[in-house]
Amino acid sequence: MSSSQTVELKPKDYKSDIKPVWCPGCGHFAVLSAVTKALAHLGLPREEVALVSGIGCSSRIPAYVSVYGFHGIHGRALAAAQGLKAARPDLTVIVAGGDGDGFSIGGNHFIHACRRNMDLTYIVMDNEVYGMTKGQASPTTAPDWAKSKLTPHGPGVPSFNPAAIALASGATFIARGFSGDPNGIARLLVEAIEHPGFSFLQVLSPCTTFRPEQKEWKKVVHPFAEQEPTANPVEAAQRIQADDGMSTGMLYRTLVPVWQPDNVATTQVEALEGGFQV
Amino acid sequence: MNTEPSQLITSVPEFLAHAILLERESVERYEELADSMETHNNLEVAQLFRKLAHFGELHAHEVEHHAEGMELPEIPPWDFKWSTPESPESGAMEEVHYLMGTREALEFALHNETRGRDFYAHVAETSPDPEVRRMAAEFTAEETEHVNILKSWLLNLTDAGEEPLEDLDPPNVTE
Ligand SMILES: Cc1ncc(C[n+]2csc(CCOP(=O)(O)OP(=O)(O)O)c2C)c(N)n1
Ligand code: SF4
């Protein structure tokens, strides 16, 4: 990648030449479109952005974007991204993945990334299923979804509420978009990237192959009753309790100090090694 | 469509900024769909989308030609004055699937072109600027031609394009 850019980049310029293998009709295409539009709108040089993911269909997204990318280990996108941001605070770090990646195996990282409040943007493409591994229930799957052979009577346990967990864990920006409205997602992403601190953006992103019934989501999504986000966590908690999970827009935004190590060496490697000598 | 004064297109540069994005995004979407169909081995529909992207490209060039030497406004993606979530000629991704046949793909394209035509017709009716109304009427006539071409393709379709394709080993058999 060249280190300087003088030409104005269009959304298309942020797409790589690797063609997505996603199923035609997959909601994740809309997130790809939104990411490229948001980056072009912000005019971010490609070499100053990193997109970090875990494993899943959604987590393939770094390959399709022409910024630095890291397609890591299942559930560990946030761990890798926080390490990167700690070492390279100058980069705009965007983390992306699915509900399986982020809320099952990566659930603990999600909680602690929210409370650590590093300046990151985390996009979860939520299709309430493990798409890549052929349609098993995820933490956001409804308890009575009985289409997987692994859970023939449905998972039977209440689904995980990402916004509630994010709020309780200390996230400072919480929003939700819908893949039927890529420009709406782009707008939320611009806000999320500009927000200093941990921004969590859940995107309702249908899996056309294993959850074809999600095609109906476009009939039931609606904006949050309140247009403006609140900065009051009590008010945010009330909004989350009143929400049917299908509201889109910005829910919560507040400013608290961002955690960022100062990256000043306090010791020498030799001294550290000395401590391990027996 | 929205007739609020704030949603009317009031100048030629503003109109051309809309028209260029509409045409460009339509081409990009058809290209994306053609790639996607190729990846999923639906070569007939891939070829159709590729052809539509090619025609779109020619039209996009014409529209861009109108804007030569003109300074166009920078509009954020979410502030364009159409009432559709994306630009009106970009087919909605959720409407396609890898087993779609030629008929379904043509109906999808017809729907997109019709939305494009309706957008231009709306501007031709509502813009307070006479030059914008004139240009929009010209673009409406062109889009009407595209709509008619797609209708005739649909009418002339042979049996082969009628049915959705079959996959004897579909991916959505859960394990
Ligand atoms: C450590 C580990 N455990 C399990 C898997 C298998 N695996 C791959 S992707 C995935 C879940 C994918 O679901 P999600 O993150 O929701 O993404 P989607 O495919 O739905 O976009 C699982 C369980 C793995 N790759 N690594
Ligand atoms: S399996 Fe589902 S999530 Fe994966 S690419 Fe296909 S539609 Fe998208």
Side-chain angles (χ1 to χ4, degrees), chain A residues 8 10-12 15 17-30 32-34 36-38 40-43 64 129-131 133-137 147-152 178-188 190 205-212 214-218 221, chain B residues 17 20-21 24-25 27-42 45-46 49-50 53 57 60 64 72 74-88 90-101 104-105 108 164-165 167 169-175:
Chain A
E8 190 191 310
K10 302 266 182 233
K12 206 176 173 203
K15 283 199 178 155
D17 49 15
I18 297 172
K19 312 289 178 211
V21 295
W22 292 322
C23 310
C26 176
H28 303 344
F29 277 100
L32 176 60
S33 162
T36 59
K37 285 182 176 181
H41 178 77
L42 292 165
Y64 309 142
V129 78
Y130 292 177
T133 48
K134 296 186 68 132
Q136 299 80 15
K147 293 276 168 62
S148 166
K149 284 186 193 161
L150 277 184
T151 48
F178 170 51
S179 69
D181 180 13
N183 291 334
I185 305 172
R187 182 177 208 164
L188 292 170
V190 166
S205 179
C207 172
T208 185
T209 299
F210 295 104
R211 303 294 309 261
Q214 290 173 344
K215 209 174 167 193
E216 300 301 307
W217 275 0
K218 66 169 175 287
V221 290
Chain B
I20 289 172
L21 193 81
R24 278 278 150 230
E25 287 197 346
V27 173
E28 281 169 29
R29 179 57 47 85
Y30 282 128
E31 276 170 353
E32 191 175 33
L33 288 169
D35 289 341
S36 188
M37 291 296 169
E38 256 163 32
T39 305
H40 290 81
N41 208 26
N42 186 343
V45 170
F49 285 145
R50 196 73 72 201
E57 184 70 44
E64 279 163 353
L72 303 186
E74 296 271 342
I75 307 172
W78 48 88
D79 276 345
F80 281 82
K81 294 177 177 172
W82 28 65
S83 48
T84 43
E86 293 184 273
S87 48
S90 300
M93 238 324 162
E94 74 264 14
E95 297 303 330
V96 303
H97 60 99
Y98 78 109
L99 294 177
M100 79 197 298
E104 203 181 339
F108 169 80
L165 308 179
D167 185 351
D169 182 20
N172 58 347
V173 177
T174 54
E175 282 169 354

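A, B, ... follow the sequence lines: proteins, then strands. Residue 1 opens every chain. Note that this is a predicted model, so its numbers are computed, not measured.
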With a 4.5 angstrom heavy-atom cut-off, which part of B/Glu28 approaches chain A: side chain, backbone, both or neither? side chain

Applying side chain to side chain donor-acceptor pair (under 3.5 Å) to A/Lys218 and not counting sequence neighbours gives B/Glu95

Honestly, the part of A/Ala30 sitting under 4.5 Å from a heavy atom of chain B is neither

Between B/Tyr98 (side chain only) and B/Thr39 (backbone N and O only), is there a donor and an acceptor less than 3.5 Å apart? no

Which distance, rounded to the nearest 0.5 Å, do you find between the CG of A/Leu150 and the NZ of A/Lys134? 12.5 Å

B/Glu104 CD to B/His97 NE2 distance, which is reported to the nearest 0.5 Å: 3.5 Å

Sorted by chain and residue number, the side chain to side chain donor-acceptor pair (under 3.5 Å) partners of B/Glu57 (sequence neighbours excluded) come out as B/Arg24, B/His61

Name the region of A/Pro206, side chain, backbone, both or neither, that has any atom closer than 4.5 Å to a heavy atom of chain B. neither

Need one label for A/Lys10: side chain, backbone, both or neither, based on atoms under 4.5 Å from any heavy atom in chain B. neither

Please state whether the side chain, the backbone, both or neither of B/Glu38 comes within less than 4.5 Å of a heavy atom of chain A. neither

